[in-house]
Structures are given as C-alpha cells and as structure tokens.
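Every number for a ligand or one of its atoms is a count from 1 in the order of the listing.
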Amino acid sequence: MSASQGQKKIYRWGIIGCGKISNDFALNLLKHDQCRLVACASRDQSAEEFAKKLGVKKAYRGYENLFADEEIDCVYVGTIHPTHKENVIKALKAGKHVVVEEKECDKESILNKYKKKKKRNQLGMNSKEMKECIAAARENKRYLLEGVWTRFFPAVQQSREWFNEGVIGELVCFEGNFGVQMESPSATSRLWTNHLGGGALLDLGIYTLHHLPLWFGERYPTRIVAAGLVGKKKKKIKIFRICGKHTFFSKKKKKNSQDFCHFAKID
Ligand SMILES: NC(=O)C1=CN([C@@H]2O[C@H](COP(=O)(O)OP(=O)(O)OC[C@H]3O[C@@H](n4cnc5c(N)ncnc54)[C@H](OP(=O)(O)O)[C@@H]3O)[C@@H](O)[C@H]2O)C=CC1
Ligand SMILES: O=C1OC[C@@H](O)[C@H](O)[C@H]1O
C-alpha cells in the first residue's frame with residue numbers, strides 16, 4: 001500500500017556525532033511514529049555506547065560508513081560547527097536528506113549582506129560554503145534543513161500568520177533577546193572556544209538573526225554592528241545590534257534571560 005492509500009511513510013534515520021544534542025534529538029525521534037532510528041556513527045567507538053543506551057540497531061565507527069548505509073533515508077548531523085559543511089555535502093551526495101545544526105552557515109550568509117570588506121570567518125563557514133551546501137541539496141534533489149528550532153515555536157508561527165494576513169501591519173522595528181545558561185568556562189568546551197564555534201555570537205547569534213529574513217524579507221537593515229565582551233568580570237555580557245533606516249534590532253545576553261522578541265509597526 002502506498003502512502004497516498006493511507007499508510008504513513010516511515011523515515012529511517014541515521015545520526016552522526018554522538019554528543020549532547022544528538023542524544024536529545026534521538027530521544028525525541030524515538031517518540032515519533034513515522035521515524036525509525038536505525039544507525040548512529042561517531043569518529044571513534046562512542047557510537048557503540050550511544051547505540052546501546054538508546055537501542056539503536058547499528059553503530060558505526062566513521063561517518064562514511066553511515067552515509068553508505070542504504071537503509072538510511074535521513075541523516076542528522078549533530079557534530080560541532082566547523083565540521084558541518086563537509087558532513088552535510090557527503091550525506092547529500094550519498095542520497096540522504098539532511099537535518100543539520102548548521103546555524104553559523106545561515107548566520108554568515110546574513111552577516112555577509114552587510115559586510116563591505118568580507119573577512120574570512122574563523123570557522124571557514126561563510127555564505128559561499130552555505131551556497132555549496134544548498135547547491136549539493138539541489139543537485140542531489142534532497143531536503144536540507146537547519147536546526148533553528150525557535151522558528152517552529154507556536155508563537156512565531158501564529159505571528160507569521162497574523163503578519164501575512166495584515167493584522168500586524170508594516171514592521172518598522174524588531175528587537176530580540178536570546179540567552180541560555182552556559183556551562184562554566186573550560187579550555188576544552190566548544191562553547192568557550194572560538195575556533196570550535198563558541199561564544200554568544202557564533203553559537204547563539206542565529207537565534208536572533210534569523211528573524212531578519214523571516215520578517216523583513218529583502219528589506220534588510222543597512223548596517224550591522226556587533227560587539228562582545230569576554231573577561232573575568234564581564235564574561236556574560238554580549239551586545240549585538242543592527243541598525244537601518246526603519247529597523248532596529250538588538251540582543252543582550254543575560255544570565256537566565258527569557259527568550260523574547262517584539263515588533264513595532266507604523267499606524
Ligand atoms: N538545536 C539545539 O537545540 C542545539 C544545537 N546544538 C548544536 O549542535 C552541535 C553539537 O553540539 P553539542 O552536541 O552540544 O556538542 P558536543 O560537544 O557534544 O559534540 C558533538 C559531537 O561533535 C563531535 N566533536 C566534538 N568535538 C569535536 C572536535 N574537536 N573535532 C571534531 N569533532 C568533534 C563529536 O562527534 P563524535 O561523537 O563522532 O566523536 C561529538 O560527539 C553544535 O553545532 C551546536 O550548536 C547544540 C545544543 C542545542
Ligand atoms: O540551541 C542552542 O542552545 C544551546 C547552545 O549552546 C546551542 O549551540 C544552541 O544551538
């Protein structure tokens with residue numbers, strides 16, 4: 001029986017990178033009636049432990065082995081930022097649909113719109129690389145999704161509906177705030193290491209930035225200013241601001257701050 005005749009399609013997943021977010025993603029995937037988690041892969045033997053804990057059928061050492069598995073339809077890339085582009089393109093070329101925690105790709109493509117002098121990003125992640133990922137998805141006719149989960153909040157979706165229906169009116173201002181409680185600084189943590197994509201801007205900036213194309217479309221602000229302070233006394237402070245003709249956008253990172261955004265309109 002085909003899906004159109006009433007039977008739900010089952011999506012068979014493989015997860016690469018057996019760290020924190022992959023664990024959280026897997027726990028939710030396991031609850032989904034249209035998804036099966038069939039394999040996981042790690043650089044070393046940690047996939048075996050992950051598979052045992054979550055009841056995953058296959059554990060691979062090396063991501064390539066998972067990409068080559070014909071039983072898998074979709075790959076979740078749960079590795080750290082600097083590895084995303086390579087893993088995404090390999091998975092797409094292997095014919096898999098991909099969900100990736102690839103937030104800095106999107107962020108870079110947004111930021112580059114404002115940059116007069118394009119500086120090379122420390123991670124090697126920029127709009128050029130994002131375009132390569134998108135091109136690989138198109139070429140291989142596969143779905144590519146970034147893990148910007150706040151986009152799917154019911155409040156955001158309802159606001160989008162109201163906006164599209166004209167209930168909100170023309171937007172002139174957007175202000176967003178996103179904060180999380182981070183683990184304590186350590187030399188090995190990805191969150192506190194620049195070249196691993198750490199810090200408030202590289203790690204979390206996308207959660208406020210993604211609202212710009214979402215709400216303003218092509219009417220991007222004309223100027224972007226970003227500043228960060230990391231020090232013994234002020235390590236929690238982060239200010240991020242974009243200014244334009246009609247728009248203003250800011251992010252203040254505070255310990256335990258609430259995630260919020262609000263808009264202003266012209267009457
Ligand atoms: N959407 C969301 O809610 C969240 C998204 N994230 C995103 O998910 C990604 C992973 O975050 P998280 O799970 O916290 O990270 P982890 O530190 O747990 O690392 C994830 C995996 O990345 C690989 N890895 C770790 N360090 C290195 C390294 N130095 N070099 C190469 N590979 C490495 C490892 O894969 P292996 O197992 O193969 O060794 C590891 O298991 C990040 O991009 C992060 O921004 C994170 C938290 C929440
Ligand atoms: O959603 C998130 O919350 C915690 C962060 O460290 C992570 O990278 C981000 O994606």
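- Below 3.5 Å of separation, one finds no N or O of E101 facing any N or O of ligand 2.
- Between R43 and ligand 1, at least one N/O pair is under 3.5 Å apart.
- Taking both residues in full, the closest heavy atoms of A91 and F67 are given as CB-CE2, 3.6 Å, listed atom of the first, atom of the second, then distance.
- Side-chain polar atoms of H210 and T150 form a donor-acceptor pair below 3.5 angstrom.
- Residue contacts with ligand 2 leave out H81, since none of its heavy atoms falls under 4.0 Å from the ligand.
- Ligand 1 has no N or O atom lying under 3.5 Å from any N or O atom of L196, backbone or side chain.
- Going from atom CD of E161 over to atom CD1 of I168 covers 10.5 Å, rounded to the nearest 0.5 Å.
- Interface atoms of ligand 1 facing G147, defined by a heavy-atom separation under 4.0 Å, are 1 (N).
- Taking all heavy atoms of C40, S42, G78 into account, the minimum distance to atom 20 (C) of ligand 1 is reached by G78.
- Evaluated by nearest non-hydrogen atom to atom 10 (C) of ligand 1, the leading choice among T150, T79, I16 is T79.
- Open room surrounds CD on E70; 12 or fewer heavy atoms of other groups in view lie less than 6.0 Å from it.
- Atom CZ of R138 has 12 or fewer heavy atoms from other residues, nucleotides or ligands within 6.0 Å.
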For this session: With ring pair (Phe, Tyr, Trp, His ring centres under 6.0 Å) as the test, would you mind laying out the steps for F25 and W13 before giving the verdict?
Result: CA-CA 11 Å; F25 184 83; W13 287 79; 5.5 Å; yes
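- Listed by atom number, the atoms of ligand 1 under 4.0 Å from K20 heavy atoms are 13 (O), 14 (O), 18 (O).
- Remark: ligand 1 and G17 share no N or O pair separated by less than 3.5 Å (distance only, no angle test).
- The two residues A51 and A59 come nearest to each other via the heavy atoms CB-CB, 3.8 Å.
- Residue W149 has at least one heavy-atom neighbour below 4.0 Å for each of these atoms of ligand 1: 1 (N), 2 (C), 3 (O).
- Listed by number with element, the atoms of ligand 1 under 4.0 Å from a non-hydrogen atom of Y207 are 1 (N).
- Residue contacts with ligand 2 for L191 involve side-chain atoms from C-beta outward but no N, CA, C or O (heavy atoms, distance under 4.0 Å).
- Cation-pi geometry between K9 and Y11 is satisfied (NZ or CZ under 6.0 Å from the ring centre, within 45° of the ring normal).
- E49 CD: 12 or fewer foreign heavy atoms inside a 6.0 Å radius.
- For K53 and N23, the side-chain atoms include at least one donor-acceptor pair closer than 3.5 Å.
- At a 3.5 angstrom cut-off on N or O pairs, D44 does not count as close to ligand 1.
- Comparing G62, S46, S189, G19 by heavy-atom distance to atom 41 (O) of ligand 1, the nearest is G19.
- Heavy atoms of Y63 come nearer than 4.0 angstrom to ligand 1 in at least one pair.
- Shown in contact with H84 at under 4.0 Å from a heavy atom are these atoms of ligand 1, numbered in order with element: 43 (O).
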